[in-house]
Amino acid sequence: MTTKIALENSLQLIEKRISVGRGFPIVGPTGEGKSNLINGTAEDGVLDKLEYRIGNGMASQVTTNIHPTSADCLPNGHVLIKGVFSQEAMNTDSNRRFIIDVVFSAGESTYKQYKSGKCDNEKLQETYQQEVAAIAKNRIDGDSNKSFGHKIKLLTNECKKETATKITNSIIEAIGLIEAVQIIDLLEVMHSQNKSSQKVRRYSKQAIADKLDSEWRNVSELYLKCCNDLFLELKNHVIGIVHQSNVYEETEDCIYILMNTETPESQVKMFLNSSDKSFEFLFDRLDVYFRIYDELEKVFGLNALRPTYGDLQFRIEDTMGLFHDEETIEEAVERVKDIIKASKSSVLVFMLSAQETANTQKALIVLKKIKESVSKDIHIIVMMPKVDEFLATSGNSAQGIRRHIKKVDTESLIKKVEERVQYIKNEYDKVEVTGRAPKLESVIPYGIYSNGLSSEIISLIEDKYNMTNALKAF
């Protein structure tokens, strides 16, 4: 059974040996397999917990540092999580979009009633405030992303309905302070200048955002207070849940939890999942420690990852997926540059799927722009997942190389993978730069096998393009 002593021992070893380890940021589009790759470094005993980290395309909102450790640093089958609480957790763009959306939607509804004669000047403010209340509550009830509304709903779902209602009413009161006539005037201008309802929506929301930073700053300040109140309620709730187990340590700004196979699934998902039940947004950073897969430890033990104590000293920095939440190529480039600068690492791991998609095409552009704009001697390792999907859809049939299709020459499959690898290298080499620039060290293909694949593909994945081999090459 996990004990407090086990946690204290693990913390002492990890602080001494792992905290100074080298970091390798891993970036790539949402859903390209970053978490899946990282999980592949773990011993079998913790995989059932780490599997919750795979969000099936749900983008994690917080950078997670993954620390594969030596066997003596943690008990068998355990995961140690360190969560560093964020004081700015609620002051985010996604939270801000909630208030902008409610102001716009309530204003637009009031505007239509005003123009149709259903409400006059005397009823204008009352109508607007009624619309604010209805729309805000509707947004909270139906919100499934990580905006402010979703976080209030989390509190309601955790049997704190009275507190959630109080915060909701405070938000409604704050937004209702805006004078309806100002919203009507703003929308009048937007409708007169734009024929497209899409443009009216976009330009109106931008104008609302500008006013929240100037004329309506009192509304913004009240809203931010509500955000902070919600943060404290959610933080206290998380601590209360963790306190039900005796395997934790708590400081002023962070919490340590040692989990094992007996830890309830709901508690694991609070930290290791990006679903709508996750509380990860409360943290600036999560550090996840687990024992490394023994075969990989033997490989890594031969290189410079063991410089000081003879124990593993490295971490993988798992980041939010590229192009999440309508992120543009230019925004993605800037974010990757920030990641490179913040990590101070000489290595960047870049996920670029073998299976070409719209996101893969955009990611390749980002990779090339990084070469153009980063004047630094860093080494880029491209991990190329989904070789199985790539080969399964590379046949002459629209169904790809499946079991019912005639036998395929293994050499031709290998050639297809090598051609894809070379294509990525060629595209990167096309970018001409003078002076220092990131160097593409290697492109490492790998995949998984599943039902429906031909025996040739399954054999290739098992023998050549498996994840263990990919990690060894890394």
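Position 1 is the first residue of the sequence; numbering continues from there.
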Exercise: do Thr360 and Thr357 side chains pair donor with acceptor under 3.5 Å
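A donor-acceptor contact under 3.5 Å links the two side chains.
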Can you tell me if Arg335 and Thr319 form a side-chain donor-acceptor pair at under 3.5 Å?
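Not at all, the side chains of Arg335 and Thr319 share no donor-acceptor pair under 3.5 Å.
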Under the side chain to side chain donor-acceptor pair (under 3.5 Å) test, which residues partner [X], sequence neighbours left out?
X	answer
Thr328	Glu331
Asp253	Thr251
Glu330	none

Within residues 174-211 or reaching into it, pairs that qualify as ring-ring contact (aromatic ring centres under 6.0 Å, His included) - sequence neighbours excluded:
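Listed once each, the pairs are Tyr111-His191.
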Taking only residues two or more places apart in sequence, or in another chain, which ones meet Ser375 in a side-chain contact (heavy atoms from CB on, under 4.5 Å)?
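In terms of side-chain contact (heavy atoms from CB on, under 4.5 Å), with neighbours along the sequence ignored, Ser375 is linked to no residue.
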Glu179: side-chain contact (heavy atoms from CB on, under 4.5 Å) partners, not counting sequence neighbours
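Applying side-chain contact (heavy atoms from CB on, under 4.5 Å) to Glu179 gives Gln125, Val181, Gln182.
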Using the salt bridge (charged side-chain N to carboxylate O under 4.0 Å, His left out) rule, collect all pairs that involve residues 203-215, keeping only residues at least two apart or in two chains.
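Those involving residues 203-215 are Arg96-Asp213, Asp101-Lys205, Lys211-Glu215.
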Restricting to pairs with a member in residues 346-357, which pass salt bridge (charged side-chain N to carboxylate O under 4.0 Å, His left out), not counting sequence neighbours?
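Non-adjacent pairs meeting salt bridge (charged side-chain N to carboxylate O under 4.0 Å, His left out): Glu356-Arg420.
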Are any of the side-chain heavy atoms of Thr110 and Leu187 separated by less than 4.5 Å?
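Result no, sub-4.5 Å side-chain heavy-atom pair not found.
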Non-neighbouring partners of Phe85 that pass ring-ring contact (aromatic ring centres under 6.0 Å, His included), sequence neighbours left out
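Only Phe283 meet the ring-ring contact (aromatic ring centres under 6.0 Å, His included) criterion with Phe85.
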Quick one: list whatever passes salt bridge (charged side-chain N to carboxylate O under 4.0 Å, His left out) with [X], sequence neighbours left out.
X	result
Lys199	none
Glu131	none
Lys362	none

Spacing of CD1 belonging to Ile457 relative to OH belonging to Tyr465, to within rounding of 0.5 Å
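Reported value, rounded in 0.5 Å steps: 11.5 Å.
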CD of Glu419: more than 12 outside heavy atoms within 6.0 angstrom?
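Yes, the 6.0 Å shell around CD holds more than 12 heavy atoms from other groups.
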